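Since the structure is predicted, the reported quantities are computational estimates derived from the model, not experimental observations. Heavy-atom basis, side chains included; hydrogens, waters and symmetry copies ignored.
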Amino acid sequence: MTEYDLAIIGWGAAGFAAAIKASELTSNQMKIALIGTGELGGTCVNVGCVPSKFLIEASKNYKEAKSPAYAGITSSATLDFSEFMESLNQFVSGERETKYTSVMKNFENIDLIEGLAKFIDNDTISVNNTELKATNFIIATGSRTFIPEVRGLTDYYTSDTVWKMRKLPGKLAVIGSGEVALELAYAFSNFGSEVHIFNRSNRILKGFDDDVNSQLMAALKSNGIVFHLGVNFYEIKNEEGKKDIVTWTGTFGDFDEIIVATGRMPNIDGLDLRAGGITADNGIVVNPDFRTTNPKIYAAGDCVRQSLKLETLAGKEGVIAVENILGGDRRINMQEVPWVVFTEPNVASVGYTEAELKKKHIEYDVRTVELKNVVKANILNSYTGIAKIISGKDKKILGIHVIAPMAAEFITEGVYLIKNGLTYDDLIDTIHVFPTVAESIKITGQAFIRDISKMSCCMD
């Protein structure tokens, strides 16, 4: 039986981050097994963040080339969708080689083991019918697309498989209205597909306040996306290469393709967690230090029972799990974790929402500034959007929520403000670059102390 200091099950973001951090902290002396299946790097680099953002940026480039935003500029563009998708997959392969395959060559103490792991007891697993024992384990098996039970739903793409598509659908149905669904819908609408979003819920994006959601819906509708929310659908009919979605209120038909993006579920089937003394309930149950109910075993990333499923969060959790195994006592404050929807405009958020504060009966103050008050947004011809700051009664910033171009690039300012317990006075006192969309955060801070309609540019 082979024995390791640390066995990591899963070689996605959390698993790789854990393996590298464990090596760094022990000067490459820790004997580590990194176990997984499929392509190295897991969801993010292969079928998640990397290809989806490549798709979005290319689609924006195509749309802007066909319809320039400024007077006096004319242009034209053509699209070979098959060639584009081939280039996307080549890019993904290159990033996987650079960020994962090549990186592993630097760590001789890490054994890559391809196969499915299954717990035999509290410190032993079986991989490829071979037993492996470790002093500690980290489970980092990630997640997969949840597929709802709908009669006739047999021919469809998911966010994991859409990268195999080679023909642009003329009419596309997206089932789901979370961030993945909206990003894919946005990209395909840019390419020229007629996109319809279906969801049983009567709202989009869990975790955002209604004012942010309404702004995003308005922007996506202006991009041509049709929403069917609060719709109970019970059958998909496939006839002559076309697909009809049958709902209780009517039938919507002639779709060329369907993308199912109804959320993700943890990849924990087959691990036999009970044999390892591990409790799971819609994900692996962990303490704040990411220790499971078996003190020798930790878990990190999408396989954990938590609402946010982010590549950056998974990597951070993998690192903290290792540090705690080695004697640390670290936690993650989820109110300091930023997350973004990469539509255009971006939706970016960190900290509490109004709904969360009301539920906790915490008193707060809030200011919201429309994007038309931001000079750089006007330069970009981007008028849909808001910046919103929520503060406590002590002026400390509790939440920042922005729907604006490039919001993903500057939401980290909000992270620093919240992480360091800063106030809107501190924000106002910080000089920002003009003109930038990021200035929207400072202007919103200034709205706490004055009427911004009576304020000149660069007012402090």
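The distance from atom OG of Ser159 to atom CD of Glu179, rounded to the nearest 0.5 Å, is 10.5 Å.
Salt bridge present: Arg264 and Asp160 bring a charged side-chain N and a carboxylate O closer than 4.0 Å. A salt bridge is absent between Asp365 and Lys395: the closest approach of a Lys/Arg side-chain nitrogen to an acidic carboxylate oxygen does not fall below 4.0 angstrom. We find that Glu354 and Lys388 are joined by a salt bridge, their nearest charged nitrogen and carboxylate oxygen being less than 4.0 Å apart. The pair Lys31-Asp5 does not meet the salt-bridge criterion, since no charged nitrogen lies less than 4.0 angstrom from a carboxylate oxygen. Ion pairing of Glu57 with Lys60 is present here, as a side-chain N (NZ or NE/NH1/NH2) and a carboxylate O approach within less than 4.0 Å. With respect to Glu3 and Lys133, no salt bridge is recorded, no charged nitrogen being found less than 4.0 Å from a carboxylate O.
Here the shortest heavy-atom pairing between Ile403 and Val347 reads CD1-CG2, 4.0 Å.
Checked by atom type, the side-chain pair Asn136/Tyr4 shows no donor-acceptor distance below 3.5 Å. Of the N and O atoms on the side chains of Tyr383 and Asn381, at least one donor lies less than 3.5 Å from an acceptor on the other residue. Between the side chains of Arg305 and Asn282, no donor-acceptor pair of N or O atoms lies under 3.5 Å. For the residue pair Ser214 and Asp211, no side-chain donor N or O sits within less than 3.5 Å of a side-chain acceptor on the partner. Under the 3.5 Å distance criterion, with hydrogens and angles disregarded, a donor-acceptor pair is assigned to the side chains of Glu336 and Asn333. Checking Asn294 against Thr292 by side-chain atom types alone, no donor-acceptor pair falls below 3.5 Å. Side-chain contact check for Thr423 and Lys396: no donor-acceptor pair (N or O, by modelled atom type) lies under 3.5 Å.
Aromatic ring centres of Phe119 and Phe137: separated by under 6.0 Å. Aromatic pair Phe91/Phe54: centroids less than 6.0 angstrom apart.
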Item to complete: Could you walk me through whether Asn267 and Ser143 pass the side-chain hydrogen bond (donor to acceptor under 3.5 Å, both in side chains) test, one step at a time?
Response: CA-CA 5 Å; Asn267 276 328; Ser143 63; 5.8 Å; no
